[in-house]
Every structure is written in C-alpha cells, then in structure tokens.
Amino acid sequence: GYGNNFDNCISNVVVERGSKRVYFSTMKRVSGEPAHVYRSTCAWAPGSPCLSWEAANTGLPAGGDLVHGMASVSTGSEQDDLFAVLHPWTGSGMETWMTTDGANWSLRSTYATSQERHLLYAAGQELFVGAFHALHSVDLGTSWTSFTVTNEHVDVRAIYADPVRGKVYTANDGASAFGSEWNLTRWDWSPGGALTGGVGVDEAGLQTWQVYFAGVVPPTIDSNPRRTYIGSHDNGNLCSNDAGASGWTPSGTFWAGDSFAFQYAPSNPERAYWSVYNGSALFYRTDNARTGCSYPYTNWAS
C-alpha cells in the first residue's frame, strides 16, 4: 500500500446524506480487527472540508474483512444511515450491515454469493449490489433477489438505476474470449417493483475485456504479420494478426483465467511464455507462437 499502509488504499467513499459527513473504507486487513471504516468528525460543505477522521466500525466482524461496498440511505433525518456489504474472510456469502448512528453496525442479512463489489442505493427501500450476478433488494437489504439474463458474463461491476426512464443497466467483467456473452444488460424497472424484461444490449456484438498486457511477436520475414497477444481478466490469452482490427481469437485451447504476463524468446520468436491464474498460479510455454492466430492453433503446454 502507499507508504506501506493499506489504510491509504481507499476502496469506498460515501457522503452521508443527513449529516454530510464523509465516510471511507480501506484495503487494510488485520486479523482480529473489524473492517477499517472511517468518518470525518464534522460535516463537509462546499469549500469547507473537514479533514479530521475517526474510526466508524464498531460491531463489524473482527475477522480481517473488507467492506466491498457502502451506500448512504435517505431517510430525511440527521442520523447517519449507512449500509455496507462485505464478504467474511473466513466464511462464505455476502453480509449486509447497517448503521443508524454512523459508528455502530449491526448485521441485517446474509446471502450466498461471491464477487460482491458495488452497492447502490436507488430510492425508498431499494438497494442494488454488483456480485457474481446482480442483486436487488426492496427492503433495505433484509432479503435479496438475483437477476441475470441468459448468457450474461459473470461478476457485475457497475449498476445504474434510472427511475425517470424506468430502466436499470448492469456491466460486468467482459463478453467471454469468443465475444459470445453479454457484457451489458438492460432491465425494465419501477422503483419498489421487481425487475422485468432483461436483455443483453452490447452494441454491434461488443467484445470487451479487462486487459492486463499486450505482447507482440515479431515476424520472421517482412511479409509476415506482427502477431499480438493480450492477456485478459477471466478470459485467458487472446491473439490477433492485425492488432485487433479484425477482432481477437482465443490463443490455444480456451479456458477461463486471468492472464497476467507474456514474453517471447528473442532467440526464437516461435517460443513464448505466459502466466495465468485460475484458482492456482500456472505457467505455460508454446513453440509455435508464430503459427496461425486462429483458435486453437497456438499450442500451449504447462
């Protein structure tokens, strides 16, 4: 973490609607301590920040957990009404926590899911969470309902609720290495009601990946293309002979995983190496990095 202190790595920032105090959670995880949540000791106003802070995490589980999402709920009072979602470090399932005084938290519910990130307050009693699939609550987190469309990519990272247009949108980790899964979805929604009519809305077959690196294998002769490899989150290693102008294809027999690094051998452009994580760290090598960039012709061996 910055300055060797993970309290300087902030995961959430929220302004409490009633008190106008600023809250933030950090990436610091300490065994035996609750998740690190802090609040300003006074209200913020335009041009008048409050830059003194105090801990605001009493009651959160002392398991070295992280707060994955925080939201302020509008009640019209001057109390600090906040909700947070976290995934216990030593347990399973998402936990929803709430505070009505800004400092003391109580458990509201648990739900069996993973990869929770984004917590959104929409209106009234309504909350959304981006997780393995998106979640919806109409009772301020007492209960949750999962919503997804067929062939949607997992791990929803962003949710936008538009009460004027009556729509909810979600975005996730990608569209699969083949571009065959929905990266974006749209739902019909009226505040307080169930979501209906979910559809995928990727424009023109949008293919979206979170990319970790790009590596280029030089041609052996000038007439050959420069082959480009990219490593992606969730979708392994992808390849193109024209820097993606004609799209990307999975490199070798496809499997899901996070591809973090790539390097070819300067003495032999046919040989290349790449690393991937899919539940465990793996390392692969190929001896035909220059041979065909169409699935599955690059042969990788661990």
Side chains of Thr96 and Trp144 only: does a donor on one sit below 3.5 Å from an acceptor on the other?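 On atom types as modelled, these side chains qualify, holding a pair under 3.5 Å.
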Any donor and acceptor pair, going by atom type alone, linking the side chain of [X] with main-chain N or O of [Y] inside 3.5 Å?
X	Y	answer
Ser109	Gly141	yes
Asn172	Trp182	yes
Ser11	Ser25	yes
Asn237	Trp274	no
Tyr229	Ala272	no
Asp101	Asn104	yes
Arg117	Arg157	no

Once the angle between the rings of Phe213 and Phe262 is folded into 0 to 90°, is it parallel (under 30°), tilted (30 to 60°) or perpendicular (over 60°)? parallel
Quick one: sort the Trp187 and Phe147 rings into parallel, tilted or perpendicular, breaks at 30° and 60°.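 Rings of Trp187 and Phe147: perpendicular, over 60°.
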Can you tell me which residue pairs pass the disulfide bond (SG atoms under 2.5 Å apart) test with a partner in residues 25-59, sequence neighbours excluded?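 Residue pairs with at least one partner in residues 25-59: Cys42-Cys50.
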Residues forming a ring-ring contact (aromatic ring centres under 6.0 Å, His included) with Tyr273, sequence neighbours excluded: Phe283
Please enumerate all residues that pass side-chain contact (heavy atoms from CB on, under 4.5 Å) together with His133, with sequence neighbours excluded.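 Once residues adjacent in sequence are excluded, the partners of His133 under the side-chain contact (heavy atoms from CB on, under 4.5 Å) criterion are Ser146, Thr148, Val154.
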Under 4.0 Å between a Lys/Arg side-chain N and an Asp/Glu carboxylate O for Asp188 and Lys167?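 Looking at Lys167 together with Asp188, the answer is yes, because their closest N to O distance falls below 4.0 Å.
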For Ser106 versus Trp97, what's the shortest heavy-atom pair and its separation?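 Minimum heavy-atom contact is C-CE3, 3.2 Å.
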Which pair of non-hydrogen atoms, one from Asn12 and one from Val67, has the smallest distance, and what is that distance?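 Scanning both residues, the minimum pair turns out to be ND2-O, 3.1 Å.
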